[in-house]
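Take a look at the structure set out below.
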Amino acid sequence: MNRTLIIVGLVIVATGLLWPWLSRLGLGRLPGDLVIRRGNFAFYAPIATALLASVALSVIVWLIRR
């Protein structure tokens, strides 16, 4: 369990560090990502991006465990 948490943490850190390059691929601006801007308030809910990431990670985990 400890090794799994460390790996998940490293993946999150790597994603954060690579985000400037990943955002050029269109992630974060997919249809289904909600952006609400009102004055000095902005709300961002990346629903479609999260679903795409979930499917991709599920496929990767499935391939590794196979």
Side-chain angles (χ1 to χ4, degrees):
M1 182 68 177
N2 290 336
R3 191 167 84 185
T4 304
L5 289 175
I6 290 171
I7 291 171
V8 168
L10 290 174
V11 168
I12 291 172
V13 168
T15 303
L17 291 173
L18 295 173
W19 191 253
W21 293 281
L22 292 175
S23 64
R24 292 181 187 164
L25 297 175
L27 293 175
R29 294 185 307 251
L30 298 174
D33 290 345
L34 301 176
V35 179
I36 299 172
R37 291 188 180 103
R38 308 257 188 224
N40 62 349
F41 173 77
F43 176 75
Y44 179 66
I47 296 169
T49 301
L51 287 172
L52 181 65
S54 176
V55 169
L57 287 174
S58 294
V59 169
I60 290 169
V61 169
W62 178 76
L63 288 173
I64 289 172
R65 290 187 177 213
R66 200 168 170 229

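For clarity, every value in this text was computed on a predicted model and none was experimentally measured. Numbering starts at 1 and runs along the sequence shown.
Nearest heavy atoms, R29 versus R24: NH2-O, 4.4 Å. What you find for P31 and A48 is that their closest heavy atoms are O-CB, 3.2 Å.
Separation of atoms CG (L10) and OG1 (T15) is listed at 10.5 Å; rounding is to 0.5 Å. Interatomic distance, Y44 OH to D33 CG, rounded to the nearest 0.5 Å: 4.0 Å.
Side-chain atoms of S58 come within 3.5 Å of backbone N or O of S54 as a donor-acceptor pair.
Residues L52 and L18 are members of one and the same hydrophobic cluster, defined by side-chain heavy-atom contacts under 4.5 angstrom among Ile, Leu, Val, Met, Phe, Trp and Tyr.
Exactly one of I6, I7, L5 qualifies for a side-chain contact (heavy atoms from CB on, under 4.5 Å) with R3. That residue is I7.
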